[in-house]
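Heads up: numbering here begins at 1 and tracks the sequence.
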Amino acid sequence: MDVSYFCRRMREIGTSGGYEDPDGLLACTEAELRWLKRNPFISEGEDEPIANIACCDKTVVGRNLLFPIGMVCRGSRVLARGGSSLWVSRLGRRHDVGFELPERFVQMEEGRLPVVGSCLSQLAVPVHEMAGFEIWRSPRHILLRHTRSLVEMRFRGIIGACVAKVADGALALFRGVLRVIESGMLRGFTVEETATWEDALDRCVSAENEPFREDHGRAWFDWAKTCRKSQGAHEDFRLFNVRRNGQIVGFFLLRTRFYEQASSRGFRNLFLTTVMEWGSVEPKLGEKALFALALRQIDPIVDAVECVPNEPATRRWLWRRLALPVGDYIYTVAQSADAKEPLEGFTERKNWRLRPAFGDATFF
């Protein structure tokens with residue numbers, strides 16, 4: 001049985017093209033459609049590629065969503081291609097479609113720089129490595145605020161509730177003491193929540209001077225805020241400015257989401273806040289200070305906070321606050337096989353500004 005591949009374009013949304021689609025891979029959910037059509041980086045209109053599709057004898061067996069995204073490469077704004085929602089049916093797996101789709105993504109004849117979103121599963125890592133993607137891992141840290149989900153793995157009922165209440169109180173007391181000790185580090189800074197991306201935040205994003213980064217600015221923020229896949233009750237996307245002497249000197253972005261199951265370790269029914277983006281132009285407001293300020297803005301309903309810092313000093317600070325190491329956050333990038341002007345240093349992690357808000361992560 002032969003496998004064929006084709007690129008689906010924006011104008012084809014809502015059509016089957018004569019293909020059988022038992023898994024609904026040609027269809028887009030309302031959220032996916034909103035996400036695709038409101039993308040501010042679309043440059044080809046109705047001809048914009050939105051998915052690579054795999055078929056076996058006119059039956060769709062695999063899909064990899066595509067989306068344009070802005071990047072800054074050595075000071076110049078360029079368009080890149082992102083990938084998302086790689087899915088392969090059982091029949092497609094027999095024909096190695098899961099390996100072929102990422103490889104075709106890298107080889108797209110667009111001359112662009114594909115950027116795959118973070119949050120790859122461990123199962124997807126070998127597939128993307130074989131396709132030529134760079135795989136970069138950053139340790140994830142989880143700060144528990146409510147221990148119920150952890151305690152329920154061992155104790156149920158009244159006993160579990162009592163144990164969780166005692167543990168929560170002990171954690172709150174311990175971190176309260178640390179908060180007092182750390183107050184000197186944060187003296188002079190004030191935090192305000194805002195719904196608008198100010199021009200000053202662009203300077204905070206570009207302050208680190210890495211040669212390569214995603215173009216996170218007002219257009220990107222408005223797109224991410226209005227086009228998230230899940231927008232239920234208590235699921236927030238909150239932006240905060242940090243000021244000193246009345247001037248914006250930093251920012252951080254928090255996303256809160258409810259998970260029925262948060263990990264393979266068994267954490268269930270919890271609200272998780274992730275520190276998605278941050279930046280500063282103030283030397284005294286480094287990554288550790290920004291995380292400290294962010295933790296003070298967490299909604300009381302939140303059970304745990306996910307942090308993916310870049311600096312070893314911030315990781316040590318999180319360990320002292322009893323953060324749990326929970327696997328890795330995985331970033332992936334690859335340069336197009338037919339790139340007209342290969343970029344020196346593009347595949348070296350040290351040259352990248354990386355945040356959890358990378359790729360499709362703000363959507364998924």
Side-chain angles (χ1 to χ4, degrees), residues 138-147 167-194 197-198 200-201 203-208 210 216 221 236-257 270-326 328-329 353-358 361-362:
S138 286
R140 296 172 65 235
H141 304 270
I142 300 295
L143 275 166
L144 285 177
R145 301 176 77 246
H146 304 147
T147 58
D168 289 352
L171 278 176
L173 178 61
F174 173 70
R175 289 173 181 160
V177 171
L178 289 181
R179 181 169 176 164
V180 173
I181 295 173
E182 294 165 353
S183 59
M185 174 178 67
L186 307 178
R187 187 174 293 117
F189 297 109
T190 59
V191 176
E192 61 180 13
E193 186 171 359
T194 178
W197 185 281
E198 304 286 349
L201 303 192
R203 295 189 290 274
C204 296
V205 169
S206 61
E208 296 174 34
E210 283 90 348
H216 288 181
F221 172 73
D236 297 323
F237 198 70
R238 304 169 66 197
L239 176 64
F240 296 86
N241 293 333
V242 182
R243 293 181 182 269
R244 186 171 192 178
N245 298 324
Q247 301 297 314
I248 295 176
V249 294
F251 78 99
F252 52 87
L253 180 64
L254 305 178
R255 183 193 67 192
T256 299
R257 182 174 292 173
L270 59 80
F271 285 94
L272 178 70
T273 291
T274 302
V275 185
M276 297 294 291
E277 248 286 13
W278 61 90
S280 168
V281 294
E282 168 60 55
K284 293 184 178 180
L285 186 66
E287 184 181 75
K288 182 171 68 174
L290 282 168
F291 273 63
L293 289 171
L295 292 179
R296 298 184 177 205
Q297 306 300 322
I298 305 300
D299 191 289
I301 199 173
V302 170
D303 298 296
V305 183
E306 178 186 40
C307 302
V308 190
N310 293 311
E311 299 175 7
T314 311
R315 297 187 190 117
R316 291 192 295 269
W317 176 81
L318 287 167
W319 294 337
R320 289 196 295 270
R321 298 182 70 90
L322 305 183
L324 302 175
V326 184
D328 295 317
Y329 207 85
R353 180 186 186 273
L354 296 174
R355 298 292 190 270
F358 189 74
T362 50

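- Taking CG of Leu290 as the reference point, atom CD of Glu282 lies at 10.5 Å (rounded to 0.5 Å).
- Val308 places none of its side-chain heavy atoms less than 4.5 Å from the side chain of Phe358.
- Ala361 and Pro356 make their closest contact through CB-O, 3.0 Å (heavy atoms, listed as atom of the first residue, atom of the second, distance).
- Contact check for Asp299 versus Thr273: no side-chain heavy atoms found under the 4.5 Å cut-off.
- Under a cutoff of 6.0 Å and an axis angle of 45°, Arg255 and Phe237 do not form a cation-pi pair.
- With rounding to the nearest 0.5 angstrom, the CG atom of Leu201 is 8.0 Å from the OG1 atom of Thr194.
- Although no hydrogens or angles enter the test, the distance criterion places no donor-acceptor pair under 3.5 Å between the side chain of Thr314 and the main chain of Pro309.
- For the atom pair CZ of Phe251 and CH2 of Trp278, the computed distance is 9.5 Å after rounding to the nearest 0.5 Å.
- With contacts defined as side-chain heavy-atom distances shorter than 4.5 Å, the pair Glu277/Phe221 does not qualify.
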Note to self: Let's go through Arg320 and Glu182 carefully: what are the C-alpha distance in whole Å and the side-chain angles of both, what is the deciding distance for salt bridge (charged side-chain N to carboxylate O under 4.0 Å, His left out) to 0.1 Å, and is it a yes or a no?
What the structure shows: CA-CA 12 Å; Arg320 289 196 295 270; Glu182 294 165 353; over 6 Å; no
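- In this structure, the separation between CG on Asp236 and CD on Glu193 is 8.0 Å, given to the nearest 0.5 Å.
- Pairs engaging residues 288-298 under the side chain to side chain donor-acceptor pair (under 3.5 Å) rule: none recorded [sequence neighbours left out].
- Between Arg353 and Gly279 the shortest heavy-atom distance is NH2-CA, 4.4 Å.
- A donor-acceptor pair under 3.5 Å is formed between the side chain of Arg140 and the backbone N or O of Val326.
- A salt bridge links Glu208 with Arg355: at least one charged nitrogen is closer than 4.0 Å to a carboxylate oxygen.
- Among all heavy-atom pairs drawn from His141 and Pro139, the shortest one is CD2-O, 3.6 Å.
- The minimum heavy-atom distance between Ala207 and Ser280, with the atom names listed, is CB-O, 3.4 Å.
- Residue Cys307 holds its SG atom at 7.0 Å from CH2 of Trp317, rounded to the nearest 0.5 Å.
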Next item on the list: Decide yes or no on side chain to side chain contact (heavy atoms under 4.5 Å, CB included) for Leu354 and Ser138, but give the supporting numbers first.
Entry: CA-CA 10 Å; Leu354 296 174; Ser138 286; 5.5 Å; no
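- Judged by distance alone, the side chain of Arg145 and the main-chain N or O of Val305 form no donor-acceptor pair under 3.5 Å.
- If you run side chain to side chain contact (heavy atoms under 4.5 Å, CB included) between Ile298 and each of Thr256, Leu143, Leu254, only Leu254 comes through.
- Residues Asp303 and Leu272 fail the side-chain proximity criterion, which asks for heavy atoms closer than 4.5 Å.
- A heavy-atom distance below 4.5 Å is not found between the side chains of Met276 and His216.
- In this structure, Leu270 CG and Ile142 CD1 are separated by 8.5 Å, a value rounded to the nearest 0.5 Å.
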Note to self: Could you go through Glu198 and Asn241, starting from their C-alpha distance and side-chain angles, then the distance that decides it, and tell me whether this counts as side chain to side chain contact (heavy atoms under 4.5 Å, CB included)?
What the structure shows: CA-CA 9 Å; Glu198 304 286 349; Asn241 293 333; 4.1 Å; yes
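- Closest heavy-atom contact between Leu186 and Ala289: CD2-O, 3.7 Å.
- Side chains of Thr274 and Arg257 form no contact here, defined as non-hydrogen atoms less than 4.5 Å apart.
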